[in-house]
Structure formats: C-alpha cells, structure tokens
Amino acid sequence: MKNVLQSLLALWGHLGANQRVSLIIAAMVVVAGLAALVSWSRRPDYQLLYGRLGEKDAAAVISYLQTSNIPYRAETGGSTVFVPAEQVHRLRMDLAGKGLPSGEGVGFEIFDKGNFGVSDFVQRTNYARALQGELARTIGQLEGVRGARVLIVQPENRLLLVDQSIKPSASVFIDLGGGRISSEQVNAIRHLVSNSVQGLLPDAVAVVDNRGRVLSEELKTDPLLTTASSQIKYRQSVEDYFARKVETMLAAAVGAGNAVVRVSAEVDTDATTIAEEKYDPEGQVVRSQTSTEDTSATAEGAAGGGAVGTAANVPGEAAAAAGAGAAGTAQTRTEQNRKNRTTSYEINTTRTSITRNPGTVRSITAAVFLNQRVGGTAEAPQPQPRTPEELNTLRQLVVNALGVKLAAGQTPESVVALQEIAFPAEPLVAQAEQIRQQNKLQPYIDMAVRFLPIVAAGVLMLFFLRRLGREKPEPVPVELLRELPSTEQRAITGAPGTVTPELINELIRQKPTNVGTALRDWVAINKQS
C-alpha cells in the first residue's frame, strides 16, 4: 500500500499543471457520476397507483399523498399517479376506504341536493344517469378493468302500452387496456347490470371492450337450442359438469391429480309436443237419467134415445143405427198407461299433453385414466398395479356417479372405459425445481442489478487511473531545439542554432514535463558516453 501511494505521489510530481487540472476535473466528474448513480440506485421503485383519473379524483388522491408524506410522481397532467412499489397495495386499500377514486360519471349523489320544481322527465333522466354511473363505478372495480361506461335503454312509461314486446336493454363498454378478462367476469357484468334494472334480462346486456369485440355474444342462452353454437355450448357444459363430478369423486379415492376424466354425452336437440287422448269403455259412469210416465183412462155411457146425426134421418137404416149406437155406447171403456226411462252414460277419457324441451341426455359414456400407484422407497420406486377387483369397483362408482341405468345385456365396461397408466411426472418435477431455483436467485439478481452501475463506475475509474499512470511524458530531443524557427530563436537568443538558458527556461514554462524528461535523458546519455 505504501508503494502504491509513493507511486501515485511520484506520478503526481511528474505531471504538469494542465495535466493536474485535467485529472482533478476528471476525478470530480467521476465522483459526481458515482454520486448520481448511488442516488439513482437508492431512489424508490415507482409503480402505478391509479391511471386515467379525473381532475377531482386526481386532486383528492394527490392531497392524501401529500398529507401522509408519501413520495409520489404525477404524469400525463396529473391523471396518472406513481408511488413506491412497496406501498401500492396499502395505499389502494386506504384510498378505497375513503371512497377514492370515486370513478367517472355521476352517481346517486346527484340527489343529495333537493331541487324543487324539477319536472318528472328531469327526475327520471337524473335517476338513469345515477344508475349508469353507479354501475360503471362498480364494474370498474373488477380486476383487469381500467374503466367502464354503462348505457341503459328503458321503454317509455306510458298509460297505454302499444307494443308489449319492447323490453329494456343495456350496453356496457369496458376498457381493458391490452389485457383480457374471463368469460366468468363477463357473465358477472351481465348479471350485475340485469339485476339492477327491473325487467332487464342478462341476454339483453351487450358487453363490448375497447378493441371492439362483443364479449357477451357467446354467453347468450338459447333455451330451444336452435343454433349449432348453442348446441355445442350446451353439450360442452353438460360434459364438463359430469367430468368434474367424477373427477372430484376419484380425487378423494386415488389422490388429487391422479385421475383424468373425459365424458361424452349425446344430447337430444329436438323439441317435441305430444297430445294423447285415451278412452276406457270399462270405466262407465252415469252422466244423466230421464224418467217419463204417461197414464190415460176413458169411460163412455148412454144418456137417452136413438142416434143422432145423418144416419138417423136415412129411411130403413134409422132403426139399425139407433140399435147399434145404443149397443156400442154401452160397451166402450178406454184405459192407457205408458212409462219411459232414459239413462246417459259417460265413458272415462284421459287427455295428456307432453312438451319436451331440447337438452335431454340420451346416452353418456366416460373415459378414465388412473395414475399407477408407486410403492417402495424414494430411491427405488416400484409400480404397484391395481387389481381387477379394484378397477371394477372404481368403474362401478363412476357409472353410479354418472347416473347411468344399465339396460338389459349392457355392462359397465360398455359405458366407462377405465385404464391404469403411469403419468409422466419427471418434467413437472424438473420444471418445479427450475422455478424454485429461479426464485431462489432472484434476490441476488435484484441486488446485482442495483449495485452494477456503482461497480462499473469504479472499474472505469481504476482503468482510467491505471492508464494515466502508464502514460509517460513524451521527451523532446535536444536536437529539435536547434530546429526552432529563426524568428523565435532570434527573439530569445539572438543567434540561430544555439541553445541558451533563456530558451530552456521558456520551454520549461511551456512544457515542463517534456523538457525535464528530455534533459534527464540527455544527461544520462552524456554520462554513459
């Protein structure tokens, strides 16, 4: 260490005034650079707290940060706020507790101030604005959604409804930036809006993102399964339901991740209506009964002389007629009695009307892969295949879980194909180990990145000093002194080709290091000669 210091002092003594000044300036620049690098490396890592804030929300957020003495950086006119990375989540929770940011649009606070004399149309318009604003704020809180706008169209409230088919509808615009959201989140948005508006169905809510994609088109339900996409989606949902049902059951028996289940279902997509009417002649019942009874009695007798009428005035026949009339009158007597009963019977009739909607599962089959059991030790694992009885038991469990009723002559093997194989586990283990190693080295990588500029600056400074120490002043041969221009020689010495003390002093003032080196070399050469 002492030799190094002596070498540096000797080097400093050999340097000229200009070189010393240059070295001091270079050292100051290097020190300033190191200080700037250290300051930059110690500066907190800022991350986005909120972006695209309104003026009111931005002012409230910045005021809270200033009051709490939290460093921040505002960009894009104050609408984007950055804070230290370690405080992002805590600040979001604190600001959410204070209702910040309140979000764009007007909410139900529009009714905080009473306005007398407002018309009914203005009140309904304000209610629609408030409802749309509250829904937009709520949707904006979902993960992955940067902003939202909601537009609700409700039919006009009239006393006489002209068209009953007019239903309310809604449109939701969401800003996802460059990301995506899942179908479950889109479905949640549809149900959130539909449940907030009376009479609004989820299928009447259209969700559109900032790239112009209709996210809700594939989620519309088709109860009649009239389109191919609806049929495929319904069949996929049925198969996924049964596959999850069986897989979760097997996970409890063979362990999680040791069973893979795929289900194939045949779905009836035809809508049918059956009307049936049956008569049962054996099941007769009396519907009505009518009874009629008619009784008639006639009795006739003679009151005096002969017959009356034309026959009594005919000669020769008067006596006969009179006799006959007298005899007939004495023998005539009429009596009539009639009874009638009518009974109506009703035949038992059964009328049945059956409407079958599409979606009935006609048949279902399943394919199951089971991971082979492994026994022995960790150093020498040994496969332990399951017995046929165990496989048959698991197959029967799958059949029962699917709810399949076996027909006559049908076996469980025809419904469930179950096979035991060894799952490849080595790539997963290697990948997990690689991820663990990467996470293990990540803190050291972050530390190296933080201190890398400081180390690089130190290495550059040492390289510069070492190179400066190796540089030697270029000696000026004494022979060159005689080749100076005659005007300069005359101005200094008065005669060309001669070296005087005044010339040497002038050169020493201009280039002291070079002249000193040249003189030392010249003296050393003269001594050797």
Side-chain angles (χ1 to χ4, degrees), residues 47-54 57-58 61 75-76 79-83 85 88-97 99-108 128-153 167-197 200-223 227-241 243-244 247-248 435:
Q47 288 189 2
L48 178 65
L49 178 64
Y50 289 114
R52 301 183 65 181
L53 294 172
D57 292 337
V61 171
E75 296 181 0
T76 62
S79 62
T80 304
V81 180
F82 294 85
V83 296
V88 170
H89 301 290
R90 182 181 63 83
L91 287 175
R92 286 180 179 175
M93 295 176 63
D94 295 340
L95 292 172
L100 295 175
S102 59
E104 299 180 356
V106 180
F108 282 107
R129 291 177 58 195
L131 182 60
Q132 293 173 169
E134 292 293 338
L135 288 174
R137 293 176 183 178
T138 306
I139 295 172
Q141 299 298 321
L142 294 177
E143 183 180 358
V145 179
R146 298 174 57 182
R149 293 194 65 183
V150 180
L151 301 175
I152 299 175
V153 180
K167 301 294 182 180
S169 59
S171 301
V172 181
F173 173 81
I174 54 178
D175 183 8
L176 303 178
R180 292 176 174 269
I181 59 175
S182 61
S183 59
E184 289 81 4
Q185 290 176 297
V186 177
N187 201 26
I189 293 174
R190 294 170 64 240
H191 284 80
L192 175 66
V193 176
S194 64
N195 291 331
S196 302
V197 181
L200 181 60
L201 300 177
D203 289 342
V205 180
V207 182
V208 183
D209 65 353
N210 56 325
R211 294 185 177 180
R213 297 174 298 181
V214 182
L215 305 179
S216 59
E217 187 66 26
E218 298 181 356
L219 299 177
K220 291 184 178 180
T221 58
D222 186 3
T227 60
S229 60
S230 300
Q231 296 174 7
I232 294 174
K233 183 173 65 175
Y234 178 76
R235 179 177 179 179
Q236 183 180 2
S237 63
V238 171
E239 292 175 349
D240 291 342
Y241 165 74
R244 288 195 303 269
E247 196 164 348
T248 52
I435 294 174

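Because the structure is predicted, anything quoted here is derived from the model rather than measured.
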Is any side-chain heavy atom of L219 closer than 4.5 Å to one of S183? yes
Point-to-point distance, once rounded to the nearest 0.5 Å, from CG of D175 to CZ of R211: 10.5 Å
Assess the residue pair V81 and L53 against the criterion (side-chain contact (heavy atoms from CB on, under 4.5 Å)); give the C-alpha distance rounded to whole Å, side-chain angles, the decisive distance to 0.1 Å, and a yes or no. CA-CA 9 Å; V81 180; L53 294 172; 4.1 Å; yes
Just do the side-chain contact (heavy atoms from CB on, under 4.5 Å) check on L201 and S194 with the steps written out, would you? CA-CA 6 Å; L201 300 177; S194 64; 6.0 Å; no
In Å, rounded to the nearest 0.5 Å, how long is the span from CG of N187 to CD of E184? 8.0 Å
From CA spacing to verdict: side-chain contact (heavy atoms from CB on, under 4.5 Å), N210, I174: CA-CA 6 Å; N210 56 325; I174 54 178; over 6 Å; no
What's the verdict on side-chain contact (heavy atoms from CB on, under 4.5 Å) for R235 and Q231, showing C-alpha distance, side-chain angles and the deciding distance? CA-CA 6 Å; R235 179 177 179 179; Q231 296 174 7; over 6 Å; no
Okay, side chain of Q132, backbone of I152: is any donor-acceptor separation there less than 3.5 Å? yes
K220 backbone acceptor or donor facing K233 side chain under 3.5 Å: yes
Between G140 and A148 the two heavy atoms that sit nearest each other are N-CB, 4.3 Å
For R213, salt bridge (Lys or Arg N to Asp or Glu O under 4.0 Å) partners two or more places apart: D209
How long is the span from the CD atom in Q47 to the CZ atom in F82, to the nearest 0.5 Å? 9.5 Å
Exceeds 12 heavy-atom contacts within 6.0 angstrom, atom CD of E218: no
Minimum heavy-atom separation for I181 and L176, please, with both atom names. CG2-CD2, 3.7 Å
To the nearest 0.5 Å, atom CG of D57 lies from atom OH of Y50 at 9.5 Å
Is a side-chain donor or acceptor of T80 paired with a backbone partner of T76 at a separation under 3.5 angstrom? no
Roughly how far apart are E143 CD and S182 OG, rounded to 0.5 Å? 9.0 Å
So which heavy atom on A170 is nearest to which on L200, and how close? CB-CD2, 3.9 Å
Over all atoms of both residues, closest heavy-atom pair of V207 and S216: N-OG, 3.0 Å
Under 4.0 Å between a side-chain nitrogen and a carboxylate oxygen: does that hold for D203 and R190? yes
Any carboxylate oxygen within less than 4.0 angstrom of a Lys/Arg side-chain nitrogen, looking at R244 and E247? no
Do the side chains of L135 and S196 get nearer than 4.5 Å, heavy atoms only? yes
Would you mind telling me which of L151, L215, I189 makes a side-chain contact (heavy atoms from CB on, under 4.5 Å) with V172? I189
